[in-house]
> 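One structure is given below, represented as structure tokens, and several questions about it will come after.
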Amino acid sequence: MSQNTSGIPRNIAMTSIPSLAFLNGQFLPMAEARISVLDRGFLFADGIYEVVAVVRGVLVDCPGHLARLQRSLREIRITPPISLDELPTLMRELIAREQLDEGLVYLQCTRGAHPQRAFHFPDPAQTTPTFVMFAQRGQLLHNPLAETGVKVITLPDIRWRRRDIKSTALLASVLGKQAATEAGAFEAWMVEDGYVTEGTSSTACIITADDVLITRPLSQDVLDSITRRAVFRLAREAGLPVSQRAFTPQEAYAAREAFTASATALIMPIVDIDGHRIGDGTPGPRTRWLRQRYLQLACSENPEIAEPS
Ligand SMILES: Cc1ncc(COP(=O)(O)O)c(C=O)c1O
């Protein structure tokens, strides 16, 4: 795994610190973008977020990510302070201002700051939600980890029960990713009632010995991953059957291939799960093809890679 200057392994090589933030309608130098201590995002993780990959300056699968952002906002009853229709234009402006060729755009919206810290929703007339965006450079296309493949560990899933909402309440995922990092792994797959739910920040997929791609069906147990939708479209193109069902860690150990799917790691081959070698211990041909095809479509400036929901 690549190392940063402090020697801590990191998953994706983020090569720059964002210089700008878009905060409630304004582009500001990062150092001047201030949010109140009373912001409910800070106090209660009362907010949601999105991450959209940027490849060759193009937003990948942006409509899917923005539709999910809208859904997350609706589910937790936040009315954003800006029109979501303006977002693609603002995101492109951010990319241009940051001269970003490859990396990600991060978006977050919280219920805002109210003078009184109280659990229930504040009066919306007195509280403006906070909307933030920034862009971060990162190596997506030529991620060296995709060449070697990555390790995954499994852990109990200790998260809340509405994982379909892309909530900023990510402590369980933070702890899971840290456990993976300390174990020299890229990701932790979380296990509930004996079955894998998903990764801390990715969808879990395996390809069985008889060539079926398996991933868990959508429910409140997992996030409706936009990359997962793209995987389905690509699998159809490749003639690879897909079965949406839960699978056990034991099935994963015996898989022919395995991979994680997410906006920033894209389709990332897995070569080891809990110390069990997957396939021959190198990225499998089907996973390689899926990754290459996904990138090919992303680079051809086709923003509509994923299946419509
Ligand atoms: C828990 C979880 N599952 C799956 C994903 C993958 O979603 P997407 O492909 O939309 O990035 C993420 C991404 O952050 C995630 O946090």
Side-chain angles (χ1 to χ4, degrees), residues 11-12 14 45 47-55 59-72 75 91 103-108 136 138 140 143 146 150 152 154-180 186-192 195-206 213-235 244 246-247 258-268 270 287 290-291 294-295 297-298 303-309:
N11 291 343
I12 293 152
M14 286 300 167
I48 56 87
Y49 74 110
E50 263 306 322
V51 179
V52 187
V54 177
V55 173
L59 290 158
V60 179
D61 278 337
C62 193
H65 285 281
L66 294 187
R68 189 174 63 189
L69 178 84
Q70 191 165 24
R71 177 182 183 275
S72 297
E75 288 297 312
M91 291 164 84
L104 61 87
V105 173
Y106 177 90
L107 310 93
Q108 180 172 333
Q136 220 170 338
L140 269 57
N143 189 337
V150 298
V152 160
T154 60
L155 289 175
D157 196 335
I158 58 168
R159 296 174 301 160
W160 75 325
R161 305 219 64 88
R162 287 301 309 276
R163 301 156 193 161
D164 56 312
I165 300 172
K166 202 163 165 65
S167 154
T168 55
L170 289 169
L171 188 53
S173 302
V174 166
L175 296 176
K177 191 77 91 182
Q178 181 60 20
F186 173 79
E187 178 61 301
W189 279 4
M190 295 174 285
V191 178
E192 188 171 60
Y195 292 92
V196 174
T197 51
E198 59 187 333
T200 63
S201 62
S202 59
T203 294
C205 301
I206 60 172
L213 194 159
I214 301 182
T215 192
R216 201 173 169 110
L218 293 182
S219 70
Q220 293 184 353
D221 295 341
V222 292
L223 187 71
D224 178 1
S225 151
I226 307 304
T227 319
R228 173 186 182 278
R229 295 188 204 169
V231 165
F232 287 177
R233 175 171 287 184
L234 300 177
Q244 293 187 58
F247 61 86
F259 62 91
T260 70
S262 72
T264 49
L266 308 169
I267 292 162
M268 178 60 73
I270 293 168
T287 307
L290 288 169
R291 183 180 172 91
Y294 188 56
L295 286 172
L297 291 172
E304 303 277 358
I305 300 169
E307 294 268 88
S309 52

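Values in this document were obtained by computation on a predicted structure and should not be read as measured data. Numbers for residues simply follow the sequence, beginning at 1. Both ligands and their constituent atoms are indexed starting at 1 by order of listing.
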> Who passes ring pair (Phe, Tyr, Trp, His ring centres under 6.0 Å) against Y49, sequence neighbours left out?
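Checked Y49 against ring pair (Phe, Tyr, Trp, His ring centres under 6.0 Å); matches are Y106.
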> Is it true that E75 and R162 have a side-chain N and a carboxylate O under 4.0 angstrom from each other?
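Judged by the 4.0 Å cut-off on N to carboxylate O distance, E75 and R162 do form a salt bridge.
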> Kindly print each ligand 1 N/O atom paired with any protein N/O atom under 3.5 angstrom away, one pair per line, or none if nothing qualifies.
residue	atom	partner	partner atom	Å
ligand 1	3 (N)	E198	OE1	2.6
ligand 1	7 (O)	S225	OG	3.4
ligand 1	9 (O)	S225	OG	2.7
ligand 1	9 (O)	I226	N	3.4
ligand 1	9 (O)	T227	N	3.0
ligand 1	9 (O)	T227	OG1	2.5
ligand 1	10 (O)	R68	NH1	2.7
ligand 1	10 (O)	R68	NH2	3.0
ligand 1	10 (O)	I226	N	2.9
ligand 1	11 (O)	A263	N	2.8
ligand 1	14 (O)	K166	NZ	2.8

> Under the rule for side chain to side chain donor-acceptor pair (under 3.5 Å), what residues qualify as partners of T154, not counting sequence neighbours?
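By the side chain to side chain donor-acceptor pair (under 3.5 Å) rule, T154 matches D274.
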> Checking E187 side chain against S201 main chain: does a donor-acceptor pair fall under 3.5 Å?
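Side chain of E187 to backbone of S201, a donor-acceptor pair under 3.5 Å: yes, one is there.
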> Can you name the side chain to side chain donor-acceptor pair (under 3.5 Å) partners of T203, sequence neighbours left out?
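Counting only residues at least two positions away or on another chain, T203 forms a side chain to side chain donor-acceptor pair (under 3.5 Å) with S225.
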> Could you go through the side-chain contact (heavy atoms from CB on, under 4.5 Å) check for I214 and Q244 one step at a time?
CA-CA 6 Å; I214 301 182; Q244 293 187 58; over 6 Å; no
